[in-house]
Asks: 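Here's a structure for you.
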2 protein chains.
Amino acid sequence: MVDTGENEDVSRVKEPAASGIPEEIAASLCTCGGIEGLENMLPSDAYLERVSARHRACADPIRLKILAMLAIQPLCVCVIKAVLGIADSKLSYHLGVLKKAGLIRGEQQVNWIIYSLTDEGAECLDR
Amino acid sequence: MVDTGENEDVSRVKEPAASGIPEEIAASLCTCGGIEGLENMLPSDAYLERVSARHRACADPIRLKILAMLAIQPLCVCVIKAVLGIADSKLSYHLGVLKKAGLIRGEQQVNWIIYSLTDEGAECLDR
DNA sequence: GTGGTGTTTCAAAATTGTTTGAAATAGGAA
DNA sequence: TTCCTATTTCAAACAATTTTGAAACACCAC
């Protein structure tokens, strides 16, 4: 029962411009409980934070390429480096971003660290 | 038929460490054509660029919230602003980012601009 | 014309993300 | 022990993104 204006004046109801909201929007806003109702339909801030963090981790072509490689098979850092042709520390940075986002995991083998996709990382790819 | 080492010495084949690639990785790498084969299985740089750009557009909770709102119904800037409670210019910036990424479109109505999701924007949400 | 509303644009500041090269670490081999 | 290899960490430099507030614009009403 949220209304768009103060509504003391009937002429205003015809012209919601006075309250700053276009007619059609106001009308369908009412069907979902006005601005307050709309707010309640939205995901929580915590959820939005989590989802945006996942997008942020995927927001770089190098990292996307790493994910694509690991989707083919788990790989050690040296192979990833050979394919990407970037500096060690740069690669390490991007691996760190993906790892912190929970998209990949690294397992220490004898001499090397083998990286592989997590379930969440795999999901990222078919999206 | 890409191999992992120079292979002049048979003892080396048993120990691919000399060529910097762990045994298991080297073995399965061979089944996909070595590093070169792996490279060929990866998406093009142009594609990775496009996909990462889409993720970048979604990499902010404010923008994700705007997408969620517009998934409920098209809205004018003023309503979006009322829900988010942020400054005009800040909102305008984020709308611009989403628009440039092709996730939303704005249509000039009489007095207002009504924003709505594009198909691509809608896809972003069920992902 | 003036004034008001809704929205964008602009430039500066603040923040965040990325790259670089050097140094550190951890493990194995000699 | 010393050396070597694989990888990470660090700090500085650099680049990109975001926020801010002011100004601009476009449109409508008066």
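Numbered from 1 within each chain, the chains take letters A, B, ... in sequence-line order.
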Asks: What's the CG-P distance between B/Leu98 and D/dT18, to the nearest Å?
Replies: 10 Å
Asks: Looking at D/dT19, C/dT8, C/dT9, which one has an atom nearest to any side-chain atom of B/Tyr93?
Replies: D/dT19
Asks: How close or far is atom P of D/dT8 from atom NZ of A/Lys100, stated in whole angstroms?
Replies: 13 Å
Asks: Which of these nucleotides, C/dG28, C/dT8, D/dT9, is closest to any side-chain atom of A/Ser92?
Replies: D/dT9
Asks: B/Tyr115 side chain: which of C/dT8, C/dT18, D/dT19 is closest?
Replies: C/dT8
Asks: Go through C/dA22, D/dT7, D/dT19 for me and flag the one nearest to the A/Val77 side chain.
Replies: D/dT7
Asks: Take A/Val97 and A/Gln108, find for each the nucleotide of DNA chain C with the closest heavy atom, and name the residue whose nucleotide sits nearer the 5' end.
Replies: A/Val97
Asks: Tell me which nucleotide among D/dT7, D/dC28, C/dG28 gets nearest to the side chain of A/Asn111.
Replies: C/dG28
Asks: From A/Ile113 CD1 over to A/Ser92 OG, what is the distance, rounded to the nearest 0.5 angstrom?
Replies: 8.0 Å
Asks: Whole angstrom is fine here: how far is it from CD in B/Glu49 over to P in D/dA16?
Replies: 12 Å
Asks: Check the distance between D/dT19's P and B/Ile86's CD1 and give it to me in whole angstrom.
Replies: 8 Å
Asks: How about CD on B/Gln108, more than 12 heavy atoms from neighbouring residues, nucleotides or ligands closer than 6.0 Å, or not?
Replies: yes
Asks: Would you say CG of B/Asp119 has more than 12 non-hydrogen atoms from neighbouring residues, nucleotides or ligands within 6.0 angstrom?
Replies: no
Asks: Considering only C/dA22, C/dT9, D/dT18, which nucleotide approaches the side chain of B/Ser89 most closely?
Replies: C/dT9
Asks: Using a cut-off of less than 4.0 Å, is there contact between a side-chain N or O of A/His94 and OP1 or OP2 of C/dG17?
Replies: no
Asks: Do the side-chain N or O atoms of B/Lys90 get closer than 4.0 angstrom to the phosphate oxygens (OP1, OP2) of D/dT18?
Replies: no
Asks: Whole-Å distance between D/dT17 C1' and B/His55 NE2?
Replies: 18 Å
Asks: Would you kindly give the CD-to-P distance between B/Gln109 and D/dC28, to the nearest whole Å?
Replies: 12 Å
Asks: Could you give the CZ-to-C1' distance, from A/Arg56 to C/dG17, as a whole number of Å?
Replies: 10 Å
Asks: The side chain of B/Trp112 lies closest to which of these nucleotides: C/dT18, C/dT7, D/dT19?
Replies: C/dT7
Asks: Is the closest side-chain heavy-atom distance between A/Arg63 and A/Cys58 below 4.5 Å?
Replies: no
Asks: Going from OG on A/Ser44 to CD on A/Glu49, what distance comes out if it is rounded to the nearest 0.5 angstrom?
Replies: 10.0 Å
Asks: Given D/dT18, is OP1 or OP2 found less than 4.0 Å from the side-chain N or O atoms of B/Arg63?
Replies: yes
Asks: CG of B/Asp88 versus P of D/dG21: gap in Å, rounded?
Replies: 12 Å
